[in-house]
Amino acid sequence: MTVALVTGVAGQDGGYLAQQLLAAGTEVHGLVHRPLEALLPTRPWLAEITCHRGDVTDTEGTAALIRELRPDRIFNLAGDSSVGRSWRTPERTGAVCGVAVPAMLAAAGELADRGRDVRFVQASSAEIFGNPAQPRQDERTPIQPINPYGAAKAYAHVMCRIYRDRGLHVSSMVLYPHESPRRSPAFVSRTITAGVVDIVRGRRDHLELGNVSARRDWGWAPEVVQAMIRAAEQPVGDDYVIATGVAHSVEEFVARAFAEVGIADWRPLVRTDPARLRPRDAAELCGDAGRARLLLAWHPTVGFDELVRRLVDAALHASTQAPLAVLT
Ligand SMILES: C[C@H]1O[C@H](OP(=O)(O)OP(=O)(O)OC[C@H]2O[C@@H](n3cnc4c(=O)[nH]c(N)nc43)[C@H](O)[C@@H]2O)[C@@H](O)[C@@H](O)C1=O
């Protein structure tokens, strides 16, 4: 039986990935850095895998776990994925999203040197491209991060290339924002959909946002993680941009979400909160997933309107229920 280790298994992507791996008959181990009892109420799927307590910044501990488990697949999804927060905690972001990665690569390399066919998949990020000149970014786009999160991810991305060149099966997935009802409230998709639903329910009278002109390529998280599984099964590791190829502004997201609940005149309901503006924010990030389409037979099926509809529906549902599936 294939054994997989998923770091960041308590996060949005970690959960979907673990569930898809389990469905494929894989034995799944996950690294969690909070007590399991605190995580289980909002992440019931963790009961179906073997959880190990630890923090990727304890590089010795993570390497020891890899040596002990001898996994066939390692998916590194650990990290504080909030770009905004990385400005307030740049050292922690650097430690978790950057410095932690080579220790895992080295431990995987040791297994490979002993004959194990181990495959490493890194959750990289479009933020490594900074504010790119190219309207569509691909695997050859220059790496020029403009925020602490992007810099940490860029370091990890380059380390993945270095270990791949040394012979390890490593794939680095350059992910664009990808959403689901399990997305943390720190992200704009949840901020918008929760705010719209609160307004509809009469719980507040306006929504506060930061830079609404930013344009992003939003995808559907459950299908983004499929690409990770497929990358691990390729004959060789590679870099893959995983994106829809279509960008929309935050303002368009807001308009679409309000339209879902029948509100056309939304502008009076939205205000700018200067505290939500970032020191620097890419004007537009939009990916060309041509390589993933060709080599992984991966293509996104959930478009922007459908994505917003699903998120608004989930937020409406959660507003009348205990928010079981929503991460806190
Ligand atoms: C590729 C990348 O994708 C994600 O990072 P993100 O794009 O920064 O995600 P977000 O939802 O925080 O921001 C999206 C945009 O929305 C703007 N924005 C406006 N007003 C608010 C606002 O009120 N809150 C937030 N959070 N953003 C706002 C904000 O300035 C930015 O332009 C992560 O998966 C990350 O891990 C990753 O790798």
Side-chain angles (χ1 to χ4, degrees), residues 8 11-14 16 76-89 92-94 96-98 122-132 137 141 143 145-157 172-180 182-196 198 204 206-221 224-225 227-228 240-244 247-257 269-287 289 304 307-308 311 327:
Q12 167 188 263
D13 294 0
Y16 288 122
N76 180 37
L77 276 49
D80 182 346
S81 49
S82 167
V83 176
R85 197 157 44 220
S86 79
W87 286 102
R88 299 191 291 278
T89 58
R92 169 84 186 153
T93 301
V96 175
C97 299
Q122 163 71 4
S124 189
S125 167
E127 289 290 336
I128 67 175
F129 300 137
N131 203 8
Q137 303 85 52
T141 299
I143 297 175
I146 59 166
N147 55 55
Y149 176 82
K153 284 288 186 185
Y155 172 68
H157 188 78
S172 194
M173 317 304 286
V174 182
L175 308 177
Y176 284 67
H178 46 285
E179 315 300 310
S180 79
R182 295 183 188 172
R183 192 61 141 152
S184 144
F187 295 90
V188 80
S189 65
R190 280 286 310 285
T191 306
I192 295 169
T193 52
V196 166
D198 278 354
R204 58 172 134 151
H206 71 278
L207 168 62
E208 293 193 336
L209 290 170
N211 175 19
V212 295
S213 63
R215 296 177 65 83
R216 293 290 182 271
D217 177 334
W218 279 286
W220 180 242
V224 164
V225 303
M228 301 181 189
Y240 296 100
V241 161
I242 302 299
T244 72
H248 292 270
S249 67
V250 172
E251 187 172 290
E252 286 166 352
F253 199 123
V254 172
R256 191 66 243 143
L269 302 172
V270 178
R271 294 182 200 160
T272 300
D273 172 7
R276 291 171 181 267
L277 298 170
R278 298 175 185 173
R280 292 188 76 192
D281 201 21
E284 175 164 334
L285 289 171
C286 186
F304 179 71
L307 176 86
V308 179
L311 296 178
L327 302 190

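The analysis underlying the following values was restricted to heavy atoms, covering all of them including side chains, and did not include hydrogens, waters or symmetry mates. In listed order, ligands and their atoms are each counted from 1.
Which parts of ligand 1 touch Y149 is read off a 4.0 Å heavy-atom cut-off, strictly below it: atoms 35 (C), 36 (O), 37 (C), 38 (O). Of all the atoms in ligand 1, the ones that sit under 4.0 Å from a non-hydrogen atom of L175 are 1 (C). Atoms of ligand 1 lying under 4.0 Å from any heavy atom of V83, numbered from 1 in the order shown and given with element: 5 (O), 8 (O). Heavy-atom proximity to S81, at under 4.0 Å, picks out these atoms of ligand 1: 33 (C), 35 (C), 36 (O). Using a 4.0 Å cut-off to heavy atoms of P177, the atoms of ligand 1 that qualify are 1 (C), 3 (O), 7 (O). Close approach to G210 involves these atoms of ligand 1, each under 4.0 Å from a residue heavy atom: 19 (C), 20 (N), 21 (C), 23 (O).
Residue contacts with ligand 1, taken as heavy atom pairs separated by less than 4.0 Å, do not involve K153 at all. Counting heavy atoms under 4.0 Å from ligand 1, residue H178 does not touch it at all. Only side-chain heavy atoms of A214 come within less than 4.0 Å of ligand 1; its backbone N, CA, C and O stay farther off. Using a 4.0 Å cut-off between heavy atoms, S82 makes no contact with ligand 1 at all. Contacts between D281 and ligand 1, counted as non-hydrogen atom pairs separated by less than 4.0 Å, involve the side chain only.
Counting heavy-atom neighbours within 6.0 Å of R204 CZ, excluding the residue itself, gives a total above 12.
When every heavy atom of I143 is checked against every heavy atom of A154, the shortest pair comes out as CG2-CB, 3.6 Å. Shown here for V212 and S249, the closest heavy-atom pair between the two residues is O-CB, 3.9 Å. Of all heavy-atom pairs spanning A123 and K153, the tightest one is O-NZ, 2.6 Å.
Distance alone, capped at 3.5 Å, places no donor-acceptor pair between the E179 side chain and the L307 backbone.
Under the side-chain contact (heavy atoms from CB on, under 4.5 Å) criterion, T93 pairs with S86, T89, C97, Y149, A152, sequence neighbours left out.
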Checking V188 against W218 for the side chain to side chain contact (heavy atoms under 4.5 Å, CB included) test, could you report, in this order, the C-alpha distance in whole Å, the side-chain angles of both residues, the deciding distance, and whether it holds? CA-CA 11 Å; V188 80; W218 279 286; 3.9 Å; yes
Starting from the C-alpha separation in whole Å, work towards a yes-or-no answer on side chain to side chain contact (heavy atoms under 4.5 Å, CB included) for T244 and W220. CA-CA 9 Å; T244 72; W220 180 242; over 6 Å; no
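The pair D281-R216 counts as a salt bridge, with a side-chain nitrogen and a carboxylate oxygen less than 4.0 angstrom apart. A salt bridge links R85 with D80: the distance from a Lys NZ or Arg NE/NH1/NH2 to an Asp or Glu carboxylate oxygen falls below 4.0 Å.
Nearest protein heavy-atom neighbour of atom 16 (O) of ligand 1: V250 CG2, 3.4 Å. Protein heavy atom nearest atom 9 (O) of ligand 1, with residue, atom name and distance: F187 CD2, 3.6 Å. V188 CG1, 3.8 Å is the protein heavy atom nearest to atom 14 (C) of ligand 1. Atom 23 (O) of ligand 1 has as its closest protein heavy atom R276 NH1, 2.9 Å. Considering only non-hydrogen protein atoms, atom 37 (C) of ligand 1 sits nearest to S125 OG, 3.5 Å.
Note: an N/O pair closer than 3.5 Å links R183 and ligand 1 by distance alone. Where the criterion is an N or O separation shorter than 3.5 Å, residue side chain and backbone included, R278 meets it with respect to ligand 1. When only interatomic distances are considered, the shortest N/O to N/O separation between V212 and ligand 1 does not fall below 3.5 Å.
Put simply, the side chain of M228 reaches to within 4.5 Å of the side chain of L175, judged on heavy atoms.
The closest approach between A186 and ligand 1 falls below 4.0 Å for a heavy atom of the residue.
At least one cation-pi condition fails for R256 and F304: the charged atom is not both under 6.0 angstrom from the six-membered ring centre and inside a 45 degree cone around its axis.
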